[in-house]
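Structure first, commentary second.
In what follows, chains carry the letters A, B, and so on, assigned in the order in which the sequence lines appear, proteins first and then strands, with residues in each chain numbered from 1. This one's a predicted model, so the numbers in the text were calculated from it and none came from an experiment. Side chains included, hydrogens not; waters and symmetry mates left out as well; all remaining heavy atoms used.
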Amino acid sequence: MPEGPSIIILKELVQPFKGKKILKVEGNSKLDIQRMNGEKILDFKSWGKHFLICFKNFAVRIHFMLFGSYRINEQKDTVPRLRLIFKKGELNFYACSIKFIEENIDEVYDRTSDVMSEEWDPKSAKRKLKKYPEELICDILLNQNIFAGVGNIIKNEVLFRIRLHPENKIENIPRVKLNELIMEARNYSFDFLKWKREFVLKKNWLAHTKKICPRCNIPFIRKHCGKTKRRAFFCVSCQVLYNNNHNI
DNA sequence: CCGGTTGTTCAGCG
DNA sequence: GCGCTGAACAACCG
């Protein structure tokens with residue numbers, strides 16, 4: 001469920017519930033979810049992997065983590081974390097993380113860091129990148145303060161597309177290449193969205209979970225890279241690792 | 001049936 | 001107080 005484009009799809013699917021009043025609230029969340037009872041949903045928003053349900057005086061943040069899921073107007077066999085029942089229809093959220101946000105959403109979230117947002121700002125991303133010269137690019141791409149919405153699949157596909165080795169240090173990557181990376185983080189995310197809508201996302205993976213490099217026909221390296229230790233699939237032949245010469 | 005994971009936070013340690 | 005590690009969460013696929 002998790003990556004940014006999937007949240008955009010969810011936001012579209014729940015549009016019929018916008019402006020609707022919640023008649024009953026259920027779920028095994030430990031939070032006071034009953035405070036939503038009787039409230040009218042003013043809007044649905046998103047930021048990166050966060051799905052936001054906006055009410056008059058507060059908002060609910062749903063994060064699907066690794067295993068979270070949802071059903072609209074149908075149910076799974078398991079107990080939902082949160083179920084919102086309307087006069088017509090219901091929303092069910094499973095195994096997700098829920099938080100209440102009391103502050104104004106627009107003040108809490110910086111949309112310039114959301115790769116799916118109209119307000120996404122590549123220049124701002126560039127400025128943030130420069131603050132982490134020692135970090136590896138595979139970790140930085142997963143940093144939600146810089147690339148909100150990017151997850152492990154997008155990471156692997158973007159790095160393969162621009163031929164960049166996941167273990168490159170930021171400081172060693174040429175400026176032009178960094179710009180390319182920032183552009184492709186958003187660009188691939190929209191391809192992800194398009195392909196997910198058409199149910200052909202997996203079919204279009206070039207690197208993620210793949211065994212052979214489609215460009216070189218040699219085996220991919222599969223390794224848990226960086227501080228984040230997330231799976232990386234990469235080709236040592238066509239994905240460049242820039243050497244660090246200036247510190248020797 | 002077990003191993004692994006489209007993710008994040010937090011406790012515990014040195 | 002820091003940086004690192006591992007646990008916790010908990011569902012589904014191959």
Side-chain angles (χ1 to χ4, degrees), chain A residues 1-11 13 27-31 33 46-52 60-71 74-83 92-101 108-110 113-116 131-161 166 169 184-211 220-234:
Chain A
M1 230 343 75
E3 304 195 26
S6 303
I7 302 300
I8 299 293
I9 291 172
L10 169 59
K11 202 165 64 175
L13 293 174
N28 63 7
S29 168
K30 293 189 185 88
L31 303 182
I33 52 178
S46 65
W47 179 85
K49 300 165 189 170
H50 297 201
F51 175 63
L52 304 160
V60 175
R61 188 216 70 178
I62 294 181
H63 195 306
F64 291 96
M65 314 299 281
L66 261 186
F67 311 124
S69 61
Y70 63 85
R71 291 290 184 277
E74 53 184 63
Q75 301 180 2
K76 295 174 70 169
D77 290 334
T78 52
V79 182
R81 179 70 26 86
L82 176 65
R83 169 176 295 147
N92 291 295
F93 301 97
Y94 304 89
C96 53
S97 160
I98 294 178
K99 269 189 185 170
F100 285 108
I101 297 172
V108 174
Y109 289 108
D110 173 12
S113 51
D114 181 355
V115 295
M116 300 306 294
K131 287 195 269 181
Y132 304 96
E134 296 279 317
E135 299 279 314
L136 301 186
I137 193 60
C138 58
D139 289 329
I140 286 292
L141 267 173
L142 296 173
N143 183 329
Q144 299 299 296
N145 291 319
I146 306 176
F147 297 103
V150 170
N152 206 37
I153 297 172
I154 297 176
K155 174 194 87 180
N156 282 319
E157 292 298 311
V158 166
L159 291 174
F160 180 75
R161 278 185 164 195
K169 274 188 185 180
E184 198 55 32
R186 176 172 167 92
N187 188 40
Y188 176 76
S189 293
F190 277 88
D191 282 344
F192 183 122
L193 174 62
K194 174 175 170 283
W195 287 328
K196 178 122 185 147
R197 279 198 179 112
E198 297 166 356
F199 305 104
V200 292
L201 178 64
K202 279 188 195 182
K203 207 169 77 183
N204 283 288
W205 286 346
L206 298 176
H208 190 72
T209 72
K210 298 294 174 179
K211 291 192 162 60
F220 269 128
I221 301 296
R222 184 194 146 147
K223 183 181 174 187
H224 291 81
C225 292
K227 289 180 185 172
T228 47
K229 294 192 178 77
R230 302 295 305 278
R231 290 197 298 176
F233 300 82
F234 58 96

Practice task
State whether A:K49 places a side-chain N or O below 4.0 Å from either non-bridging phosphate oxygen (OP1 or OP2) of B:dT6.
Solution key: no
Completion exercise
Note: A:L31 and A:I98 closest approach over all heavy atoms is CD1-O, 3.2 Å
Exercise for the section: Check whether any side-chain N or O of A:Y94 sits under 3.5 Å from a backbone N or O of A:K76 as a donor-acceptor pair, and report yes or no. Expected result: yes
Strictly under 3.5 Å: I want the nitrogen or oxygen pairs between protein and nucleotides 1-3 of chain C, one per line.
none

Practice task
Take atom CE of A:M65 and atom C1' of B:dT9, then tell me their distance rounded to the nearest Å.
Solution key: 7 Å
Practice task
Find the distance between CD (A:E135) and CG (A:N143) and round it off to the nearest 0.5 Å.
Solution key: 8.5 Å
Handout entry: Taking every non-hydrogen atom, the tightest pair across A:E157 and A:Y188
Key = CG-OH, 3.4 Å
Completion exercise
In whole angstroms, the gap separating P of C:dA10 from CG of A:L82 amounts to 15 Å
Practice task
Answer yes if the ring centres of A:F220 and A:F160 are under 6.0 angstrom apart, and no otherwise.
Solution key: yes
Problem - Length of the line joining A:Y188:OH and B:dT6:C1', which is rounded to integer Å - result: 10 Å
Exercise for the section: Could you tell me how the ring of A:H63 sits relative to the ring of A:H50: parallel (under 30°), tilted (30 to 60°) or perpendicular (over 60°)? Expected result: perpendicular
Exercise for the section: State, without any angle test, whether A:R61 and A:S97 hold a side-chain donor-acceptor pair at a distance under 3.5 Å. Expected result: yes
Practice task
Would you indicate, yes or no, if B:dG4 has its OP1 or OP2 atom less than 4.0 angstrom from a side-chain nitrogen or oxygen of A:R231?
Solution key: no
Handout entry: Contact under 4.0 Å: A:H208 side-chain N or O vs B:dT6 OP1/OP2
Key = yes
Problem - Polar side-chain atom of A:E134 near backbone of A:Y132 as donor-acceptor pair, under 3.5 Å - result: no
Practice task
Determine the interatomic distance between P on C:dA7 and the same-named atom on B:dG3; round to the nearest Å.
Solution key: 15 Å
Exercise for the section: Quick one: closest heavy-atom pair of A:P5 and A:I154, and the distance? Expected result: CD-CD1, 3.9 Å
Handout entry: 5'-to-3' dot-bracket of DNA chain C (Watson-Crick, G-U; under 3.5 angstrom; crossing pairs as [ ]; | other strand)
Key = .||||||||.||||
Practice task
Return the value, rounded to whole Å, for the distance between atom CG of A:N204 and atom C1' of B:dT6.
Solution key: 16 Å
Exercise for the section: Using atom types as modelled and distance alone, determine if a side-chain donor or acceptor of A:W195 lies under 3.5 Å from a backbone N or O of A:K202. Expected result: no
Handout entry: For the student: nearest non-hydrogen atoms of A:L142 and A:N152, plus distance
Key = CD2-N, 3.7 Å
Extract from the structure each pairing of a protein N or O with an N or O of nucleotides 10-14 of chain B at less than 3.5 Å, listing the distance.
none

Run the side-chain donor-acceptor check on residues 203-210 of chain A: report pairs under 3.5 Å with partners two or more places apart or on a different chain.
residue: A:N204; atom: ND2; partner: A:V200; partner atom: O; Å: 2.8
residue: A:H208; atom: ND1; partner: A:N156; partner atom: ND2; Å: 3.1

Problem - Residue pair A:D114 / A:S46: nearest heavy atoms and the distance that separates them - result: OD2-O, 3.9 Å
Practice task
Could you state the atom-to-atom distance from CD1 of A:I7 to C1' of B:dT8 in whole Å?
Solution key: 14 Å
Practice task
Provide the distance between the two C1' atoms, one in B:dT6 and one in C:dT5, to the nearest whole Å.
Solution key: 23 Å
Problem - C1' gap between C:dG1 and B:dC10, integer Å - result: 16 Å
Problem - Selection: residues 221-229 of chain A, any non-hydrogen atom under 4.0 Å of DNA chain C - result: A:K227, A:K229
Handout entry: Test item: A:Q144 side-chain N/O and A:G48 main-chain N/O as donor-acceptor pair under 3.5 Å
Key = no
Problem - Between C:dT5 (P) and A:R230 (CZ): distance, integer Å - result: 16 Å
Problem - Interatomic distance at P, B:dC1 relative to C:dC9, whole Å - result: 24 Å
Enumerate the protein-to-nucleotides 11-14 of chain C contacts in which both atoms are nitrogen or oxygen and the separation is below 3.5 Å.
residue: C:dC12; atom: OP1; partner: A:K76; partner atom: NZ; Å: 2.3

Handout entry: Rounded distance (nearest 0.5 Å) linking atom CZ of A:F67 with atom SG of A:C96
Key = 13.5 Å
Practice task
Could you state the atom-to-atom distance from CG of A:L66 to P of B:dG7 in whole Å?
Solution key: 6 Å
Problem - Atom-pair distance (NE2 on A:H50; C1' on B:dT8), nearest Å - result: 9 Å
Completion exercise
When rounded to the nearest 0.5 Å, the distance separating CD1 of A:I140 from NZ of A:K155 is 12.5 Å
Exercise for the section: Supply the atom-to-atom distance A:I8 CD1 to A:F192 CZ, rounded to the nearest 0.5 angstrom. Expected result: 11.5 Å
